[in-house]
Asker: 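For reference, the structure I am asking about is given below.
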2 protein chains.
Amino acid sequence: MTSLSDEIEEFIKRMLEETSGRLEIRRQRLAARFSCAPSQINYVLETRFTTDRGYAVESRRGGSGFIRIIKFSLGGPGRALEFLSDRIGDSVAQREAQALIERLAEDGCLSPREAALMRAAVDREALLVDLPYRDRIRASLLKRMLVAVLSCPPARGEQE
Amino acid sequence: MTSLSDEIEEFIKRMLEETSGRLEIRRQRLAARFSCAPSQINYVLETRFTTDRGYAVESRRGGSGFIRIIKFSLGGPGRALEFLSDRIGDSVAQREAQALIERLAEDGCLSPREAALMRAAVDREALLVDLPYRDRIRASLLKRMLVAVLSCPPARGEQE
DNA sequence: TAGGTAAAGGTCAGGGATGGTCAAACCATG
DNA sequence: CATGGTTTGACCATCCCTGACCTTTACCTA
């Protein structure tokens, strides 16, 4: 069930944790380690280490080239709210919504239960209506839920 | 008479018991095992593994795709969930929803943040559509959020 | 300094492998 | 024989992975 891309993603994330969010790799070396085409690495980076998910990827070609991966933190609930309200427009696809929720959870702005709750709410099955209205309702819900939860003090012993 | 769908249902449920409520399958493999069309599997999932019955189904397409089936324990805090999913019909007014959330919060089944989150979600302003659809969406949201949150273990130092 | 070369990484289209959807056919039951 | 749950097949959407070809950079050599 777990694809090569998933494995590479996990590998990179583990490395990132050990290096406190900043990492430089050689594309070819990594590809060799997983016995795959070098472009596979790009695929993984493009699909899993996107800006939405809080990563920045830079690179340099040529001799002594590299790929640098940086994980950004949202910097606490206050900033998160500010950041997110800019990003969410009048319409949001399920994928985007889930990426945002995932990121907030990883950053400790949401408890696992809060994240589960929000994931359930933005699921297309829950919204019952067709596009394009569904995406509008999702955007509305997401914004309101975020404001509600992020401006409410976390329970003791939770997020920080 | 037991239909093929019934057999597949039984099979999946047995598997779920052996794997403590979480299971990943290949649609094609399962279809092959029962010598039926792959879409038969979807039919079984749609008709028998619904949210109302306490199941969640996720999936991924493409290479190394899968279908994941999760069984929620309906015997959460005070067996509230079992009671509630019966009690919430296809349509719920904002007033009822809020009363329900309030009640759960007072009973300690929901943290203040979780309650705030849910209140925001069932607010008529958030749902954007007119009656009677609004009340339907609210019912759907409410049930799904409750299943999600109540079958997720509470954080330490929270609810009890 | 100019030019060449080797050594990175980037792009993109395409093929294969899954699962999803939907309408029509099928069939058991009252 | 009407109804509603089953079952199927045709067609669609998504995801993974690769290989051929392109661009950029460092460094060496004349």
Side-chain angles (χ1 to χ4, degrees), chain A residues 1-12 15 23-53 55-70 93-99 102 123-132 134-135, chain B residues 1-12 15 23-53 55-70:
Chain A
M1 308 297 180
T2 144
S3 65
L4 178 55
S5 290
D6 291 338
E7 289 178 39
I8 296 174
E9 176 186 4
E10 280 313 305
F11 179 79
I12 293 175
M15 291 287 286
L23 174 62
E24 282 179 15
I25 59 172
R26 291 286 176 101
R27 190 179 75 151
Q28 295 213 64
R29 248 171 55 103
L30 194 53
R33 177 181 200 117
F34 287 95
S35 306
C36 65
S39 54
Q40 175 82 28
I41 306 302
N42 296 83
Y43 175 75
V44 173
L45 294 174
E46 280 160 22
T47 54
R48 289 143 160 93
F49 292 86
T50 61
T51 309
D52 275 2
R53 301 190 187 195
Y55 297 92
V57 176
E58 312 163 27
S59 66
R60 200 167 67 187
R61 309 185 187 190
S64 58
F66 58 83
I67 298 178
R68 179 182 299 141
I69 306 167
I70 301 169
Q94 179 169 333
R95 302 184 84 102
E96 302 175 70
Q98 295 204 333
E102 216 53 47
D123 190 295
R124 74 171 60 84
E125 296 290 326
L127 299 179
L128 302 185
V129 297
D130 292 330
L131 292 175
R134 200 201 298 151
D135 282 358
Chain B
M1 144 125 210
T2 112
S3 67
L4 179 54
S5 289
D6 292 337
E7 288 180 40
I8 296 174
E9 176 186 4
E10 279 314 304
F11 179 79
I12 292 176
M15 291 287 286
L23 173 62
E24 283 180 11
I25 59 172
R26 294 275 172 116
R27 190 179 75 151
Q28 297 211 70
R29 248 171 54 105
L30 194 53
R33 177 182 201 115
F34 287 95
S35 306
C36 65
S39 52
Q40 175 86 28
I41 306 302
N42 296 82
Y43 176 74
V44 173
L45 294 175
E46 279 161 24
T47 54
R48 290 146 160 92
F49 293 86
T50 61
T51 306
D52 282 358
R53 302 190 187 189
Y55 297 93
V57 176
E58 313 163 35
S59 67
R60 198 166 74 183
R61 307 186 189 189
S64 54
F66 58 83
I67 298 178
R68 179 182 300 142
I69 306 167
I70 299 168

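So that the names make sense, note that chain A is the first sequence line, chain B the second, and so on, each numbered from 1.
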Asker: Can you figure out which of D:dT14, D:dC16, C:dG20 approaches the side chain of A:Ser5 most closely?
Answerer: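 Output: D:dC16.
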Asker: Atom CG of B:Leu4 to atom C1' of C:dA28: distance rounded to whole Å?
Answerer: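 Checked: the CG to C1' distance equals 15 Å.
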Asker: Using a 6.0 Å cut-off, check whether atom CZ of A:Arg124 has over 12 heavy atoms from anything other than its own residue.
Answerer: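 No, not enclosed.
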Asker: So A:Arg95, base contact, sugar-phosphate only, or nothing? Heavy-atom distance under 4.0 Å.
Answerer: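 Sugar-phosphate contact only.
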Asker: When you measure from the side-chain N and O atoms of B:Arg68 to the phosphate of C:dG19, is any distance below 4.0 Å, counting only OP1 and OP2?
Answerer: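 No.
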Asker: Between B:Arg68 and B:Val57, is there a donor-acceptor pair closer than 3.5 Å when you use the side chain of the first and the backbone of the second?
Answerer: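 Answer holds: no.
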Asker: Check this for me: A:Arg33, atom CZ, are more than 12 non-hydrogen atoms of other residues, nucleotides or ligands nearer than 6.0 Å?
Answerer: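 Not buried by this count: 12 neighbours or fewer within 6.0 Å.
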Asker: Could you tell me how far apart A:Arg29 (CZ) and C:dA8 (P) are, to the nearest whole angstrom?
Answerer: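 Value for this atom pair: 11 Å.
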Asker: Counting distance only, does the side-chain N/O of A:Gln40 pair as donor-acceptor with the main-chain N or O of A:Ala37 below 3.5 Å?
Answerer: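 Pair absent, no side-chain N/O of A:Gln40 close to backbone of A:Ala37.
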Asker: Please list, for nucleotides 15-18 of chain C, all pairs of protein and nucleotide N/O atoms separated by less than 3.5 Å.
Answerer:
| unit_1 | atom_1 | unit_2 | atom_2 | d |
| --- | --- | --- | --- | --- |
| C:dT18 | OP1 | B:Arg26 | NH1 | 2.8 |
| C:dT18 | O4' | B:Gly62 | O | 3.0 |
| C:dT18 | O2 | B:Gly62 | N | 2.8 |

Asker: Quick one, which residues of residues 34-52 of chain A touch DNA chain C with a heavy atom under 4.0 Å?
Answerer: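 A:Ser39, A:Asn42, in order of number.
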Asker: How would you list, by chain and number, every residue that makes a side chain to side chain contact (heavy atoms under 4.5 Å, CB included) with A:Ser59, sequence neighbours excluded?
Answerer: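 Listed in chain order: A:Ile67.
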Asker: Backbone N or O of B:Asp6 within a donor-acceptor pair of the B:Ser3 side chain at under 3.5 Å?
Answerer: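 Pair found, side chain donor or acceptor close to backbone of B:Asp6.
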